Enquirer: 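If you scroll down you'll find the structure; I have some questions about it.
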Number of protein chains: 2
Amino acid sequence: MSVTIYDVAREAGVSMATVSRVVNGNPNVKPATRKKVLEVIERLGYRPNAVARGLASKKTTTVGVIIPDIANAFYAELARGIEDIANMYKYNIILCNSDKQPKKELTLIETLLEKQVDGLLFMGPRVTDEHLDLFRTASVPVVLATTIDPGCQLPSVNIDQRQAAYDATRLLLNHGHTRIAFLGGPLEEFAGLSRFQGYRQALEDAGVPFREELVQIADYRYETALKRMAHFLTLPERPTAVFATSDEMAVAAIHAYQDAGFRVPEDVEVIGFDNIRLASMVRPTLTTVAQPMYDIGAVSMRLLTKYMHNEKVTDSLVFLPHTIEIRGSTRAESKTAVATR
Amino acid sequence: MSVTIYDVAREAGVSMATVSRVVNGNPNVKPATRKKVLEVIERLGYRPNAVARGLASKKTTTVGVIIPDIANAFYAELARGIEDIANMYKYNIILCNSDKQPKKELTLIETLLEKQVDGLLFMGPRVTDEHLDLFRTASVPVVLATTIDPGCQLPSVNIDQRQAAYDATRLLLNHGHTRIAFLGGPLEEFAGLSRFQGYRQALEDAGVPFREELVQIADYRYETALKRMAHFLTLPERPTAVFATSDEMAVAAIHAYQDAGFRVPEDVEVIGFDNIRLASMVRPTLTTVAQPMYDIGAVSMRLLTKYMHNEKVTDSLVFLPHTIEIRGSTRAESKTAVATR
DNA sequence: TTGAAAGCGCTAACAA
DNA sequence: TTGTTAGCGCTTTCAA
């Protein structure tokens, strides 16, 4: 029923190959012929079938993207970076939410591979051997974003999570705090563990004893963090500062303290992580470790295009710089005291 | 190089058709044969090629989704609803950002159609004749979400924008306000205009004169809204309440007033729109018109599956209910005074 | 229950 | 510069 390349060829009095050439911008076509074909295409309303093209050429110009949760501001921003660059290179993306469930991740990878994506962009809490095995069966490049596999075999784009957490903790230490609460994500996850390690290292380097009771684990969300904060507030020796590894959790920390009658940043300082829009839309505004979310997405997609086009890649492990965005939830003096080592 | 259905057939000593049957769960296969084929599939690591399948069957089990901006919390939540339901029905989604640019929207539709998506889910500020013409050339169903075409020909999922704005304005009117500022989105856009109309209607019904100077248009974002708020604050007769048609803008309104020395909700009341997570993470928490964002996405995708599967559709224009979430940016008495007509 | 065979619409040698 | 002709890997009648 729909118009095919064959119809166009017949109507224009040329061969399928010629039509294919003009459709694909092949220069080896006489201008007059091109013009004639173009006219017929227009007249018939011919629309190339990308599936047939994909089968014949073994390229689909679509890449698979596996992301934990697109409704999460952090990942949404990342996804935007991915899509923009994909678009720039004429790729479309098949977007899949994994909810960080390994089973679902594996199924998704399988599905995307069946759909013959030209590349895979994977975001997930952990890259296990099962993931690696599956990736190995893929004949297309895979790039990780915001994670890294244990053996560092796969190309990936990240920030230095450990260092970022170290810097954040250091800022608080520089302000004289010795009871710094750590409100982090699951330690089984790559980022969760790295940040915890950065926090501990900073304490150790500063000669401040690590205390178990100053650590609480949540799922990066406001509601959960609010509950975890209750623990800190019942402590005989209450923390005087909080390092939360997401902005939502940091806001929860602020509210928990405020509700208990404390002022932020006068009585307690709070620093978050990510720098999502929320951070600048709350009062006090949130001091936070800024991840270049959009760029992580953009760079990882760019990296993937390089692999897909067989371009030379100098470093497959890229670490983008993070910064500490000083705002209202920490005291002003901090501006001169950002830790860098 | 990669294993094909033919390899499996040869290895299992059956025909391609039989392999195809077991892969697709066709019951007309002797259990013993099925078992043998399954074994070979496993052993060879056969992975069905969905592109070839798509060409042969004319079904790709992927749908195209055109969304203004996935980095926007409202659309991100919607997208999640879409993806979840798509997934439930075994579809994948190709996600495209349009930034509300008509040109880009049209190109995207064209591209998705070329990719032979089984259906299209479109979100955009306006559905023009050009859109309609393009949709008409599509041999697959199209569903609109958060918009509606002028002729109401295309199926769509929405809330009653006009009524929602009416209700919000009414709440403020019920609190005795006569100078209610309207901080809205572009009037050229479907939602922008509908909400403005609802606002005006509510004023009119209450016998409160409409005043041009109480209207400001922004792009739904915090930063822009903050600038627009300056206008209201310089007015000789300052508005005593603000109806902002996005939560980010409502938060900006609150901050603008707070920075000018006013208290919310004591001195001025503010109501937002959407009910994104931000609304409950700011202090005061935000009273807002709650759109069932996830459900709009989910229902529109479900509707699309019905069309794709040729199921009977009773109503192609669905309006999901909205509510007003009473929180801290309006005065408590309001709880008994929600407008409903 | 199984197989043979004709496409699906296009690309990509290869030849002319 | 153009055309011919194999496929690409699968589904789907139609027969058997």
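The figures that follow rest on heavy atoms only: side chains count, while hydrogens, waters and symmetry mates do not. Note on naming: letters A, B, ... go to the chains in the order of the sequence lines (proteins, then strands), and numbering restarts at 1 for each one. This structure is a prediction, so every number in the text was calculated from the model and none was measured.
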Enquirer: Any donor-acceptor pair under 3.5 Å linking the side-chain atoms of Ser2(A) with those of Arg47(A)?
Expert: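 No pair is found: no donor N or O on one side chain lies under 3.5 Å from an acceptor on the other.
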Enquirer: Take the protein atom NZ of Lys36(B) and the nucleotide atom P of dT1(C), then report the distance between them rounded to whole Å.
Expert: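 The answer, rounded to whole Å, is 14 Å.
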Enquirer: Nearest-Å distance, NZ (Lys35(B)) to P (dT2(C))?
Expert: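 Computing the Lys35(B):NZ to dT2(C):P distance gives 14 Å.
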Enquirer: Aromatic ring centroids of Tyr220(B) and Phe74(B) under 6.0 Å?
Expert: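 That pair fails the under 6.0 Å test.
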Enquirer: Just wondering, more than 12 heavy atoms not from Glu42(B) lying within 6.0 Å of its CD?
Expert: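 It does not: Glu42(B) CD has 12 such atoms or fewer within range.
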Enquirer: Distance check needed: dG9(D) P versus Leu44(B) CG, whole Å only.
Expert: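 Roughly 14 Å, once rounded to whole Å.
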Enquirer: Start with the C-alpha distance between Val23(A) and Ile5(A), add both sets of side-chain angles, then the distance that settles side-chain contact (heavy atoms from CB on, under 4.5 Å), and finish with yes or no.
Expert: CA-CA 9 Å; Val23(A) 168; Ile5(A) 199 172; 5.5 Å; no
Enquirer: Whole angstroms only, please: what is the CZ-P distance between Arg34(B) and dT1(C)?
Expert: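 The distance from CZ of Arg34(B) to P of dT1(C) comes to 9 Å, rounded to the nearest Å.
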Enquirer: Sugar-phosphate means primed atoms, P, OP1 and OP2; the rest is base. With that split, encode nucleotides 10-16 of chain C 5' to 3' as B, S or - using protein heavy atoms under 4.0 Å.
Expert: BBB----
Enquirer: Looking at Lys58(B), does any N or O in its side chain come under 4.0 Å of the phosphate oxygens OP1/OP2 on dG9(C)?
Expert: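 Checking Lys58(B) against dG9(C): at least one side-chain N or O falls below 4.0 Å of OP1 or OP2.
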Enquirer: Could you tell me whether Glu130(B) atom CD has more than 12 heavy atoms of other residues or ligands within 6.0 Å of it?
Expert: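 Not buried by this count: 12 neighbours or fewer within 6.0 Å.
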Enquirer: Can a side chain N or O of Thr18(A) be found less than 4.0 Å away from OP1 or OP2 on dG3(D)?
Expert: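 For dG3(D), OP1/OP2 do have a side-chain N/O of Thr18(A) under 4.0 Å.
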Enquirer: Is it true that atom CZ of Arg126(B) has more than 12 heavy atoms of other residues, nucleotides or ligands lying nearer than 6.0 Å?
Expert: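 Not more than 12 within 6.0 Å, no.
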Enquirer: Could you work out which one of dT1(D), dT2(C), dG3(C) sits closest to the side chain of Lys30(B)?
Expert: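 Closest nucleotide to the Lys30(B) side chain: dT2(C).
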Enquirer: Rounded to whole Å, please give me the gap between NZ in Lys115(A) and P in dG9(D).
Expert: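 Lys115(A) atom NZ is separated from dG9(D) atom P by 19 Å.
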Enquirer: Strictly by modelled atom types, are Lys115(A) and Thr61(B) linked by a side-chain donor-acceptor pair under 3.5 Å?
Expert: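 On atom types as modelled, these side chains qualify, holding a pair under 3.5 Å.
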Enquirer: Which part of the nucleic acid, if any, lies within reach of Val51(A) when heavy atoms closer than 4.0 Å are counted: base, sugar-phosphate only, or nothing?
Expert: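 Counting heavy atoms under 4.0 Å across all strands, no contact is made by Val51(A).
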Enquirer: To the nearest Å, give me how far apart CD (Gln116(B)) and C1' (dC10(D)) are.
Expert: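 Going from CD in Gln116(B) over to C1' in dC10(D) covers 16 Å.
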Enquirer: Closer to the 5' end of DNA chain C via nearest nucleotide, is it Leu55(B) or Val29(B)?
Expert: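 It is Val29(B) whose nearest nucleotide is closer to the 5' end.
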Enquirer: For Asn26(A) and dG3(D), give me the distance from atom CG to atom C1', rounded to whole Å.
Expert: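 Distance, rounded to whole Å: 14 Å.
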